[in-house]
Number of protein chains: 4
Amino acid sequence: MFFQINPSNGIPVYEQVSRQIMFAVASGSILPGEMIPSVRELARELAINPNTVARAFRDLQDQNILQTVRGTGVAVTHGARAKCISARTRVIRDRLRDVLAEARQSQLDEAELQAIIDAEFENSKKRKH
Amino acid sequence: MFFQINPSNGIPVYEQVSRQIMFAVASGSILPGEMIPSVRELARELAINPNTVARAFRDLQDQNILQTVRGTGVAVTHGARAKCISARTRVIRDRLRDVLAEARQSQLDEAELQAIIDAEFENSKKRKH
Amino acid sequence: MFFQINPSNGIPVYEQVSRQIMFAVASGSILPGEMIPSVRELARELAINPNTVARAFRDLQDQNILQTVRGTGVAVTHGARAKCISARTRVIRDRLRDVLAEARQSQLDEAELQAIIDAEFENSKKRKH
Amino acid sequence: MFFQINPSNGIPVYEQVSRQIMFAVASGSILPGEMIPSVRELARELAINPNTVARAFRDLQDQNILQTVRGTGVAVTHGARAKCISARTRVIRDRLRDVLAEARQSQLDEAELQAIIDAEFENSKKRKH
DNA sequence: GTGGTCTAGACCACC
DNA sequence: GTGGTCTAGACCACG
């Protein structure tokens with residue numbers, strides 16, 4: 001596991017964890033059928049409380065993305081890949097839609113909005129590498 | 001006052017109020033120097049708690065967008081217009097930046113991201129009128 | 001709230017709480033739109049930890065049976081009634097199906113099984129009042 | 001040995017093993033005095049942990065259903081048949097009683113409950129052959 | 001006052 | 001070793 005937690009950016013820690021797992025499955029970094037690190041181990045790595053990790057795992061189990069094997073650990077389900085990919089798209093599209101809805105509602109000039117979008121998109125490309 | 005409050009959409013109610021006032025000033029729907037409805041009146045209209053309206057007003061006063069006129073009520077300051085315009089841009093740009101940052105971090109394919117952006121932008125145009 | 005918790009019967013306490021709320025909604029004891037007792041209050045009444053109650057509430061929110069009103073409390077959603085009724089039927093039917101499947105798999109004589117069912121059904125009727 | 005283990009259906013694996021042995025004795029598929037496969041062999045067959053099989057055997061030994069024959073292996077005791085038959089009835093009756101108790105507590109309409117029972121009983125008959 | 005999050009630490013069943 | 005449950009207590013945002 002290779003991701004980062006920011007304890008003070010408004011997004012609940014357990015949600016940062018579950019999202020990053022979801023994204024990792026979507027992108028193929030974690031494969032269906034694979035075991036993922038134990039609650040305690042991941043908690044140690046990320047320097048957070050095990051209960052917080054457990055909550056993230058539980059949320060993903062409720063979505064049938066993870067599955068616990070009794071006394072053994074937690075595995076990625078076989079249907080997880082597709083679910084994660086579409087969930088990822090959905091999350092991003094919905095958030096984008098919210099921003100655009102607010103922009104429209106604020107009566108921001110359309111050309112200006114377009115300019116902001118282009119600029120930020122370029123920005124994000126640069127930060128990509 | 002003509003805006004709408006959604007008490008269960010994640011955004012704090014007081015923030016929905018202050019933002020919509022801000023946007024109204026930015027777009028010229030409310031003019032500098034104008035009085036705005038009292039805390040009690042606005043609370044009644046929007047069917048929310050007066051404390052919530054008061055908090056929105058306080059936040060806007062802290063930004064020098066509103067000011068109390070002794071014995072009369074609350075008015076939009078003369079410097080408000082410019083402040084609201086730039087605040088509006090900032091709010092929207094920041095939210096957009098967050099979405100794009102998350103999209104990038106999720107390893108979503110760039111072409112797909114671009115497609116989503118275009119589609120949603122078109123969508124929001126349609127909903128505009 | 002009028003229900004009972006048995007802390008040592010195998011069923012997790014938070015699940016006993018959420019089920020009993022569900023059943024209460026299904027049977028009409030709690031109506032859609034109504035507020036339910038606060039986490040702290042219910043925890044006090046049932047003599048359990050508030051976090052345990054909170055978890056039950058959270059599970060029901062995930063099923064869109066409860067809905068929190070920010071800073072105010074928790075309410076039963078409007079679609080809850082139908083969901084609870086069908087969930088109740090489903091829970092009971094599934095558990096019954098499991099028992100019967102096990103009975104069949106155990107090669108228990110069918111007449112004997114029928115006898116057990118009849119006897120227990122009569123029993124449960126008696127206990128009803 | 002011809003039975004199946006489901007590692008992720010809530011019932012502990014060791015209990016699935018011991019129950020299925022018990023049921024096999026009750027139905028006469030395994031006869032008193034017969035040897036049963038060794039822990040290691042059964043574990044291999046069922047693709048589960050030997051400790052799990054050992055625990056199932058231990059439970060059955062505690063109930064005097066299995067006994068170890070020094071230097072030879074594990075055998076079904078002579079009193080086992082009767083014990084298994086009554087244990088089987090007890091297990092099923094208890095589970096049935098639990099379901100009906102919950103149904104009653106949920107205030108499910110009695111006629112509806114009766115209908116569910118009948119339907120599922122017919123269902124289970126069909127699946128039997 | 002309300003719910004939500006997080007931590008800490010305990011105990012349990014399971015493998 | 002594993003995950004699951006529960007308790008206790010703290011802090012925060014919201015109305």
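Source: prediction; values computed, not measured. Note on naming: letters A, B, ... go to the chains in the order of the sequence lines (proteins, then strands), and numbering restarts at 1 for each one.
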* Roughly, in whole Å, what's the span from CE in C:Met35 to P in E:dG3? -> 8 Å

* To do: Starting at atom CG of A:Asp59, determine the distance to atom P of F:dG3, rounded to an integer number of angstrom.
  => 16 Å

* Structure fact -> D:Thr68 and D:Gln61 have their tightest heavy-atom pair at CG2-NE2, 3.2 Å

* To do: Sort out the partner of E:dC14 for me: Watson-Crick or G-U wobble, both distances under 3.5 Å, none otherwise.
  => F:dG1

* Taking for each residue the nucleotide of DNA chain E with the nearest heavy atom, is it A:Gly71 or C:Val69 whose nucleotide lies nearer the 5' end? -> C:Val69

* Could you give the CD1-to-P distance, from C:Ile5 to F:dT7, as a whole number of Å? -> 10 Å

* Structure fact -> Sorted by position of nearest nucleotide on DNA chain F, 5' first, the leading residue of B:Pro12 and C:Val13 is C:Val13

* To do: Kindly indicate whether the side chain of A:Asn51 and the base of F:dG4 share any N or O donor-acceptor pair separated by less than 3.5 Å?
  => no

* To do: Measure from CG on B:Asn9 to C1' on F:dC14 and round the result to the nearest Å.
  => 14 Å

* Asked: When you check the phosphate oxygens OP1 and OP2 of E:dG3, does a side-chain N or O of C:Thr68 lie under 4.0 Å from one of them?
  -> no

* Just to confirm, is there a sub-4.0 Å distance from OP1 or OP2 of E:dC14 to any side-chain nitrogen or oxygen of D:Tyr14? -> yes

* **Minimum-distance pair of heavy atoms, taken over all atoms of C:Thr77 and C:Pro32** => O-CB, 3.4 Å

* **Between E:dT2 (C1') and C:Arg44 (CZ): distance, integer Å** => 13 Å

* E:dT7 phosphate, OP1 or OP2, under 4.0 Å from A:Thr52 side-chain N/O -> yes

* **Atom-to-atom span, CD of A:Gln67 to P of F:dG3 - whole angstrom** => 14 Å

* Taking for each residue the nucleotide of DNA chain F with the nearest heavy atom, is it C:Arg70 or C:Arg55 whose nucleotide lies nearer the 5' end? -> C:Arg55

* Side-chain donor/acceptor contact of A:Arg40 with base of F:dG3 under 3.5 Å -> yes

* To do: Report the residue from B:Thr52, B:Asn6, B:Asn9 that forms a side-chain hydrogen bond (donor to acceptor under 3.5 Å, both in side chains) with B:Gln16.
  => B:Asn9

* For the pair C:Thr72 (side chain) and C:Arg70 (backbone), establish whether a donor and an acceptor sit closer than 3.5 Å, ignoring hydrogens and angles. => yes

* Distance-minimising heavy-atom pair for A:Val17 and A:Ala56 -> CG1-CB, 3.6 Å

* **Rounded interatomic separation in angstrom, taking CD from A:Gln16 and C1' from E:dT5** => 12 Å

* DNA chain E: 5'-proximal contact among A:Pro7 and D:Glu15 (nearest heavy atom) -> A:Pro7

* Asked: Is the base of E:dG9 touched by the side chain of A:Asn49 through a donor-acceptor pair closer than 3.5 angstrom?
  -> no

* According to a strict under-4.0 Å criterion, is C:Gln61 in side-chain N/O contact with OP1 or OP2 of E:dG3? -> no

* To do: Would you mind reading off the distance between C:Leu42 atom CG and F:dT7 atom P, rounded to a whole angstrom?
  => 13 Å

